[in-house]
Protein chains: 10
Amino acid sequence: MDHTLLETFGNPAEQDYLINIELPEFTALCPITGNPDFATINVSYIPDKFCIELKSIKLFINSYRNDGVFHEAVTNEIFRILSEKLEPKFLRVIGDFSRRGNVKTVVTVKKEYKPFTNVDIPEYIPNEI
Amino acid sequence: MDHTLLETFGNPAEQDYLINIELPEFTALCPITGNPDFATINVSYIPDKFCIELKSIKLFINSYRNDGVFHEAVTNEIFRILSEKLEPKFLRVIGDFSRRGNVKTVVTVKKEYKPFTNVDIPEYIPNEI
Amino acid sequence: MDHTLLETFGNPAEQDYLINIELPEFTALCPITGNPDFATINVSYIPDKFCIELKSIKLFINSYRNDGVFHEAVTNEIFRILSEKLEPKFLRVIGDFSRRGNVKTVVTVKKEYKPFTNVDIPEYIPNEI
Amino acid sequence: MDHTLLETFGNPAEQDYLINIELPEFTALCPITGNPDFATINVSYIPDKFCIELKSIKLFINSYRNDGVFHEAVTNEIFRILSEKLEPKFLRVIGDFSRRGNVKTVVTVKKEYKPFTNVDIPEYIPNEI
Amino acid sequence: MDHTLLETFGNPAEQDYLINIELPEFTALCPITGNPDFATINVSYIPDKFCIELKSIKLFINSYRNDGVFHEAVTNEIFRILSEKLEPKFLRVIGDFSRRGNVKTVVTVKKEYKPFTNVDIPEYIPNEI
Amino acid sequence: MDHTLLETFGNPAEQDYLINIELPEFTALCPITGNPDFATINVSYIPDKFCIELKSIKLFINSYRNDGVFHEAVTNEIFRILSEKLEPKFLRVIGDFSRRGNVKTVVTVKKEYKPFTNVDIPEYIPNEI
Amino acid sequence: MDHTLLETFGNPAEQDYLINIELPEFTALCPITGNPDFATINVSYIPDKFCIELKSIKLFINSYRNDGVFHEAVTNEIFRILSEKLEPKFLRVIGDFSRRGNVKTVVTVKKEYKPFTNVDIPEYIPNEI
Amino acid sequence: MDHTLLETFGNPAEQDYLINIELPEFTALCPITGNPDFATINVSYIPDKFCIELKSIKLFINSYRNDGVFHEAVTNEIFRILSEKLEPKFLRVIGDFSRRGNVKTVVTVKKEYKPFTNVDIPEYIPNEI
Amino acid sequence: MDHTLLETFGNPAEQDYLINIELPEFTALCPITGNPDFATINVSYIPDKFCIELKSIKLFINSYRNDGVFHEAVTNEIFRILSEKLEPKFLRVIGDFSRRGNVKTVVTVKKEYKPFTNVDIPEYIPNEI
Amino acid sequence: MDHTLLETFGNPAEQDYLINIELPEFTALCPITGNPDFATINVSYIPDKFCIELKSIKLFINSYRNDGVFHEAVTNEIFRILSEKLEPKFLRVIGDFSRRGNVKTVVTVKKEYKPFTNVDIPEYIPNEI
């Protein structure tokens, strides 16, 4: 993946608030078999100084297309890169992976980096497939 | 937008309670491309002295039709204007924007301005599209 | 409306518990235009000495049919009348009004009157229409 | 009803855990009109020494078939009988009754009898009809 | 069952996070009647040093196919074996069994073994059938 | 059952049209085991001279409560009795029985007795449970 | 009801096409008990020379509010009045009535008055309640 | 499988009608890998002289548990055995198999053996998983 | 609107086939009140020589934004313009308009211009709102 | 794409029947922008001499991953390749593409190559996203 694709812009608000972004078109390769994997990546964050530019996060997600990644590792990696780029007050990244052998995996990583007020984090409902 | 459109009336109750208003027909323009954006604006508040008149909040929402606005900024702006007009005990504004490039964004701004009792704030379930 | 219609019976249990009643056929008139309004009235309460008789609360709700009422005021009024009649430990009344101009309003009034144990109040999911 | 039908077996686990049983085929008679009533009975409990045998709770629920019972009273009665038979750490009984006059009633009785750890009680979603 | 089938790999992340695995194809035999039972097994855990390998947990679940097991006992057994194998910070195992006599049973076992931060455990919604 | 309960009234229209009645509270006994069975009975008909009175068909359905009946036979019997009572142009009766051993049965009987125009018969969607 | 409320305007198209109007807020009184009844009225038609003005059909439906009507008769009556006013090529009127005693009734009246081409009539899916 | 398990009883009706049976608990083994497969088997038939006994068809379906079968072949085999046993006027067997590699397969076999009247065959809606 | 925006490309296939395009973001103004209206425009066609370029039909739909149009007229107009531009073998345009006064309107225009084979036109299911 | 990946096996049945395969993980590149596109490919066919091997059709679909293709063209191409490989009696291929600019496209290609009996082709319901 190419995290230089990620672009930010200045947070237009002073008060704490929540931004949720659903990216249903993540795909990468299984590092063992080379077969493609598919997932919805769901990102929620409370911005501090920066907001993520929507088109750039899409291109960033697209850049995994030909990488070999494990479910648990890649969700943590996306979390870490977004965390470094955004320096948010709060960040949650969910990797909701499509079924393999009719087994479904959902990986959830989140962290509160700085104190915030007036924000609740909504529960995520996984896809059926 | 034209926030002089907003009208209020006196809160008919003494006890704290919650009013939720769903406005599924917000549209504005992207300030960069000029393309139209669409959203559901969901407003929840605990009135203090004033309630918002329903038709006037619809006309207020309609007044964004030809403005160029960003998702994060406009949700915060609607929050701020309603906050100033209503002086509520609690206010939450959610901008649930329609997909762009199959990416979906939901922006949630809320604040407790004054103490209140006997009110829970329900969780919001975003639209599918 | 005619609140003399409301009838109660003695609470058959000693332990605290919750009763939820969904009344999907509320209708009244708009006091300004005279047009009919429609709503689901959802009542939840923890009885103390009295329970509400189901047929009588239906007739009570029916008695608003030709009254002119505002959404916020009538939900608070139904709350107040039930509160006086039932003297419950807890009461919640939700007015889930049908769309006007495709704008949907839900008004929630609740109060804990006396201490209780072993009861949680479930979240209400509004109708689509 | 015939609560001698209820059979238990020894709890096979040492750790606290939750058992949920959905019985969608409760029917009894209205004590005033003699008309049949229908309900789903939903039972959740944390066993202490005993678990309820599944077939026996079904037969117990079936035994109400020709009894005249009120919604509020019968839900409390099922709660009391199960409580005495199981001596659980926690018990919740929900009577989710089918519509009468398009009015829907749900009665929820629960109690924590003994301290427990590592168990959350899930929220119940009533039937539509 | 054959718990030697279970394989683990090293947790690729330092921060606490949640892994959820849905295994909708559990089947075993009733120890009394010999009839087959069916269930979805839902596993959520916060890894400490190890993660469960997805294919191996599927084979482990498959290994119950010809065993005679009770609902309550087998859910606790799967919980215990996974707990010993994974030594997780948190583990929840849900046995969501298919209807017998139109009665549906869901067994939930969970435990917090070590302190963790930044993880919420989502509520489970049982299958309809 | 007691088919003398069925009452009719004169068809108020000259043109052919369709009446659909959903009766979700059928219950009877299994003639072999004596266990209760449950079903939704769905009736569609094109009236000729008579329409069925709604309360009377409910009482008729209720009258099976303590009878021992087989799924296939009772659906055909209800069809035959309604056919004789109504002498309709068209009649369809569907018995949508609740699961037994997680096996679901739906029995559909229909007949066109006399020619009619301007009516289509909608497809029936069975219950989940 | 007051069918003088109905207004039409000239059909703006030459080709045959279908107009479907859903009116979910019909209410009237039971002629026997005086209790209110509720329904969705669903109108589909192929215009010939006239189209129905949307606000006027809503006011027409509202005008039944204090009339005593039977389900079968009133659906046929609305059909007849619309037919006379619109002189359409095709008309279908569905009365989808809310449950009484948990029994649900749907009445469907339709007629092809004049030949038309290039129009299919979609199947109607009744409300749950 | 053991088709001697199948039992029939005499068709209780003279008129043609449809019987639909949903068996959501089919499982067998993949003949190549030995891994278990899962499916819902959906059977619809118009009886001639015989009806299938419900418990026996369940036991028959269960008897595939340790057989190695292909999706296409086993659906045709179940069709053939039921056809020989029932000698129906019409038979449809659908094998709705659970996902493998997130690929879902549904096999539908049907045949009209003898003329019949007054029966429509409803469309089947596959499971999500 | 500006139908010069519409662009086509050569049909890449020789066999008849169906293309369905859902455009959920139509908005225009009511010619009487000036209030905004919203709709999903659903287009299905069998191409002859030309296919519609997806981005151009979106811009064409967007060009109605500040026009005053009636539901019935605008759906017919979009149909006519697409028909002239595409010269298709078959065209269907559905205007699925959002509720006004809780009344919902759906306008369907379709035509078979030239003979085709091997294509069925699927039924359209309107939005809820 | 690499259609040499497709493997077939001999049709195990003599009677005509339908096989439906849902492949929800198609992805390719837009030939103009290079951006990834996503789709569900839904294949229905009546086999003559050959059936498609399930794993091989998945690998075939995967082989489009780095190809630049248009929606209309690629659906027709998959149809053509499957048609040549399978020589079926009937074939339908549906490309159900994910939203672009919130515009959704579904392309349906089907053909009856040889006469068949006893098979109906079910209607396809597109994905929401």
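Every chain is numbered from 1, with letters handed out A, B, ... down the list of sequences. The figures that follow rest on heavy atoms only: side chains count, while hydrogens, waters and symmetry mates do not. Here the structure is a predicted model, which is why all the values come from computation and not from measurement.
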Find the distance between [atom1] ([X]) and [atom2] ([Y]) and round it off to the nearest 0.5 Å.
X	Y	atom1	atom2	result
H/Glu22	F/Glu128	CD	CD	7.5 Å
F/Glu123	H/Glu123	CD	CD	6.5 Å
H/Leu18	F/Thr75	CG	OG1	11.5 Å
H/Asn118	F/Leu91	CG	CG	10.5 Å

Over all atoms of both residues, closest heavy-atom pair of [X] and [Y]:
X	Y	result
F/Asn102	H/Pro24	O-CD, 3.0 Å
H/Glu25	F/Gly101	OE1-O, 4.3 Å
H/Pro12	F/Glu72	CG-CB, 4.1 Å

Beyond-backbone contact of F/His71 with H/Leu54, side-chain heavy atoms, under 4.5 angstrom: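 A side-chain contact exists here, since the closest heavy-atom pair is under 4.5 Å.
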Heavy-atom side-chain contact between H/Val119 and F/Thr108 under 4.5 Å: no
Interchain contact, F/Arg100 with chain H, by part (heavy-atom threshold 4.5 Å): neither
Per-residue contact mode, F/Phe79 against chain H (heavy atom under 4.5 angstrom):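 Only the side chain of F/Phe79 comes within 4.5 Å of chain H.
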Might you confirm whether atom [atom1] of [X] has over 12 heavy atoms from other residues, nucleotides or ligands at distances under 6.0 Å?
X	atom1	result
F/Lys49	NZ	no
H/Lys55	NZ	no
H/Glu84	CD	yes

Side chain to side chain contact (heavy atoms under 4.5 Å, CB included) between H/Tyr17 and F/Val107, worked out: CA-CA 7 Å; H/Tyr17 65 104; F/Val107 181; 3.6 Å; yes
Verdict with reasoning, F/Val103 to H/Ile21, per side chain to side chain contact (heavy atoms under 4.5 Å, CB included): CA-CA 7 Å; F/Val103 176; H/Ile21 305 169; 3.5 Å; yes
Residues H/Asp120, F/Lys110: salt bridge by 4.0 Å N-O rule: yes
